[in-house]
Amino acid sequence: MRPFTYERAADPQAAVKAAAETPGARFIAGGTNLLDLMKLEIERPQHLIDVTRLPLAEIEDTAEGGLRIGAMATNTAVAADRRVRARYPVLTQAIVSGASGQLRNKATTGGNLLQRTRCPYFYDTTKPCNKRQPGSGCSALEGISREMAILGASTACIATHPSDMAVALAALDAAVETLTPGGKARRFPLLQLHRLPGETPHLETHLTPGELITAVVLPPPPEGGQLYRKVRDRASYATALVSIAVAGGKLALGGVAPKPWRAAEAEAALAAGASPREALGAELASATSAGDNAFKISLAGRLGAAAIEEARAQGRGQ
Amino acid sequence: MRTTITVNGEARALDLDPRTTLLDALREQLRLTGTKKGCDHGQCGACTVLVNGARINSCLSLAVMHDGDEVTTIEGVGTPDRLHPLQKAFLTEDAFQCGYCTPGQICSALGMLAEVAADIPSHATPDVAAKAALTDEEIRERMSGNICRCSAYPQIVAAIRGAAEEMA
């Protein structure tokens with residue numbers, strides 16, 4: 001691990017001020033992804049700002065009937081929250097389908113959104129990777145592509161976003177609250193947080209450098225059933241090959257794209273009376289394969305349709 | 001950096017390079033070598049300890065971030081003369097072969113049983129809104145962050161089930 005200096009932020013304003021003023025500064029919360037990448041020298045921050053003791057771990061009801069989840073709330077705390085389990089079960093299901101018990105106890109809501117891809121070529125520093133080293137090339141395009149994206153990828157990068165939690169949040173129409181480097185609060189839809197890779201896969205979000213996520217806000221729960229379904233290579237503790245979050249009529253796919261993928265085409269088709277299978281077909285019409293990952297296209301169609309049917313049956317039972 | 005961590009009930013003052021993981025601080029500075037380094041990337045669970053009662057991978061955490069925290073390692077769980085029920089159960093059930101993963105398995109199991117008692121659901125919980133029962137399926141799912149290369153999994157599940165009954 002490269003040397004770095006360390007400070008513990010006293011309050012959110014001090015955190016963003018330090019980030020703005022210190023070259024090479026990064027925030028650290030749970031650290032489960034960042035420290036892993038620092039050991040491999042894929043991440044090389046010169047300064048770490050510890051935000052874990054900021055008063056941002058609360059989960060509170062909003063006046064609109066939703067929930068505000070503090071960015072420092074751990075995955076375990078969110079998954080176990082009684083209100084989340086009763087009103088947003090898809091979020092609990094998504095969180096507990098990811099990582100391990102130990103990691104969920106550490107990983108935070110804000111950090112989960114900003115975790116980086118598990119693409120094996122991103123992790124292998126002996127191989128070209130446009131995300132790790134811009135302009136060096138993409139090894140996955142002609143390499144082992146079984147885990148790679150089928151939607152939203154580019155000729156520069158076909159890596160996927162690994163979060164399960166974010167897929168549920170995308171289906172739930174969550175918003176993200178931040179503090180800008182200038183100390184101003186702002187709020188925007190979660191779907192506007194992540195970028196598609198295009199020619200610049202090293203740029204993964206629309207956050208300004210030094211901008212701090214402070215909370216995720218859920219609107220009131222949607223009408224209808226909610227469900228998270230995930231297919232992976234092991235029964236537990238593995239990232240998704242394909243996953244889907246259903247929240248009433250809203251759908252999001254995981255494991256298939258560089259960002260949590262809101263399936264707007266499928267939603268529109270469903271609203272127009274298409275069958276679940278036809279709706280997923282509409283979403284996946286633009287899907288592309290690099291070879292080994294072609295199975296994800298048919299898997300997403302089948303898993304998605306089955307999950308929609310199951311959520312509908314649940315919704316009718318309510 | 002000056003950091004004070006309470007380890008197994010005793011306040012320990014450390015002067016640390018910020019790069020030091022909690023795992024390395026325990027093993028190399030405090031010479032508590034019961035906690036094991038396996039993969040050093042959060043994948044195997046051999047380094048599992050309890051921090052303020054919650055299980056974490058000590059390899060993926062900076063020691064300086066734990067100033068003021070209470071850490072329990074396997075040395076604080078029991079001693080050869082006074083074994084914890086989980087330690088006894090691992091012996092009774094023969095829940096290991098080489099033993100390298102065992103301290104992590106036991107610390108993880110301790111944290112896991114507390115999570116079930118605290119009504120924290122898992123992927124194996126049929127209805128996440130309801131409290132989970134400690135079935136074998138729940139034990140297996142909740143222990144998936146701990147790998148046993150000797151594959152003593154059936155015995156590990158039996159040991160945890162047995163100890164949980166004794167601890168109840």
Side-chain angles (χ1 to χ4, degrees), chain A residues 1-8 28-40 47-48 50-53 74-77 79-107 123 164 226 228 230 234-238, chain B residues 1 3 16-22 39-45 47-69 104 107-109 111-112 115-116 118-125 127-132 137 140-147:
Chain A
M1 208 186 291
R2 301 284 176 99
F4 56 85
T5 50
Y6 167 88
E7 73 176 287
R8 193 174 296 131
I28 184 164
T32 53
N33 188 225
L34 181 59
L35 287 169
D36 186 25
L37 294 169
M38 284 168 65
K39 289 182 181 192
L40 298 166
H47 185 68
L48 287 183
D50 179 354
V51 293
T52 51
R53 302 197 189 195
T74 63
N75 284 180
T76 298
D81 186 274
R82 284 245 143 247
R83 294 158 296 185
V84 174
R85 290 156 71 183
R87 285 150 58 191
Y88 307 96
V90 66
L91 179 55
T92 290
Q93 290 169 10
I95 291 173
V96 297
S97 77
S100 66
Q102 289 97 316
L103 291 173
R104 291 192 297 270
N105 282 344
K106 262 293 198 179
Y123 270 78
D164 291 294
Q226 295 181 27
Y228 191 73
K230 173 176 177 176
R234 294 190 298 265
S236 184
Y237 198 13
Chain B
M1 267 192 80
T3 304
L16 298 165
D17 182 314
R19 289 175 290 183
T20 314
T21 60
L22 178 59
C39 69
D40 209 23
H41 288 276
Q43 296 167 3
C44 76
C47 69
T48 304
V49 299
L50 300 162
V51 173
N52 302 329
R55 57 179 172 158
I56 69 159
N57 300 113
S58 61
C59 75
L60 282 187
S61 204
L62 295 174
V64 292
M65 293 176 74
H66 290 288
D67 190 51
D69 282 349
C107 286
S108 185
M112 181 277 281
E115 288 164 15
V116 174
D119 191 19
I120 293 168
S122 88
H123 180 63
T125 311
D127 172 8
V128 294
K131 192 170 193 303
E137 199 187 346
R140 278 193 289 268
E141 161 60 26
R142 290 169 186 265
M143 293 296 291
S144 71
N146 291 83
I147 290 172

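In the text below, chain A, chain B and the rest are named by the order of the sequence lines, each starting its count at 1.
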Atom group of A107(A) that falls short of 4.5 Å from chain B, counting heavy atoms: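 A107(A) has no heavy atom closer than 4.5 Å to chain B.
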Looking at [Y], is its backbone amide N or carbonyl O close enough to the side chain of [X] to form a donor-acceptor pair, meaning the two atoms are under 3.5 Å apart?
{"X": "R140(B)", "Y": "S236(A)", "result": "no"}
{"X": "R53(A)", "Y": "M65(B)", "result": "yes"}
{"X": "K106(A)", "Y": "S61(B)", "result": "no"}

Please state whether the side chain, the backbone, both or neither of [X] comes within less than 4.5 Å of a heavy atom of chain A.
{"X": "D67(B)", "answer": "both"}
{"X": "A118(B)", "answer": "neither"}
{"X": "D17(B)", "answer": "neither"}
{"X": "M1(B)", "answer": "side chain"}

What pair of heavy atoms forms the shortest contact from [X] to [Y], and how long is it?
{"X": "Q102(A)", "Y": "T48(B)", "value": "NE2-OG1, 2.9 Å"}
{"X": "M1(A)", "Y": "R19(B)", "value": "O-NH1, 3.0 Å"}
{"X": "G42(B)", "Y": "L103(A)", "value": "O-CD1, 4.1 Å"}
{"X": "L60(B)", "Y": "T32(A)", "value": "CD1-O, 3.4 Å"}

Residue, of T52(A), D81(A), D50(A), that accumulates the most heavy atom pairs under 4.5 Å with chain B: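 The candidate making the most pairs under 4.5 Å is D50(A).
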Heavy-atom pair count under 4.5 Å with chain B, highest-scoring of R82(A), Q93(A), M38(A), R2(A):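 Highest number of pairs under 4.5 Å: R82(A).
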How long is the span from the [atom1] atom in [X] to the [atom2] atom in [Y], to the nearest 0.5 Å?
{"X": "Y237(A)", "Y": "H123(B)", "atom1": "OH", "atom2": "NE2", "value": "15.0 Å"}
{"X": "R55(B)", "Y": "T76(A)", "atom1": "CZ", "atom2": "OG1", "value": "8.0 Å"}
{"X": "M112(B)", "Y": "N105(A)", "atom1": "CE", "atom2": "CG", "value": "12.5 Å"}
{"X": "L22(B)", "Y": "L35(A)", "atom1": "CG", "atom2": "CG", "value": "11.5 Å"}

Partner set under side-chain contact (heavy atoms from CB on, under 4.5 Å) for S122(B), not counting sequence neighbours: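 Residues passing side-chain contact (heavy atoms from CB on, under 4.5 Å) with S122(B): A124(B), T125(B), E138(B), E141(B), R142(B).
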Largest heavy-atom contact set with chain A, pairs under 4.5 Å, which of N146(B), I120(B), T21(B), V128(B):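 The answer is V128(B).
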Heavy atoms from other residues, nucleotides or ligands near CD of E7(A) exceed 12 (cutoff 6.0 Å):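 Yes, CD of E7(A) has more than 12 neighbouring heavy atoms, counting only those of other groups under 6.0 Å.
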Would you call [X] and [Y] a side-chain contact if the rule is heavy atoms closer than 4.5 Å?
{"X": "P121(B)", "Y": "T92(A)", "result": "yes"}
{"X": "C59(B)", "Y": "K39(A)", "result": "yes"}
{"X": "L48(A)", "Y": "L62(B)", "result": "yes"}

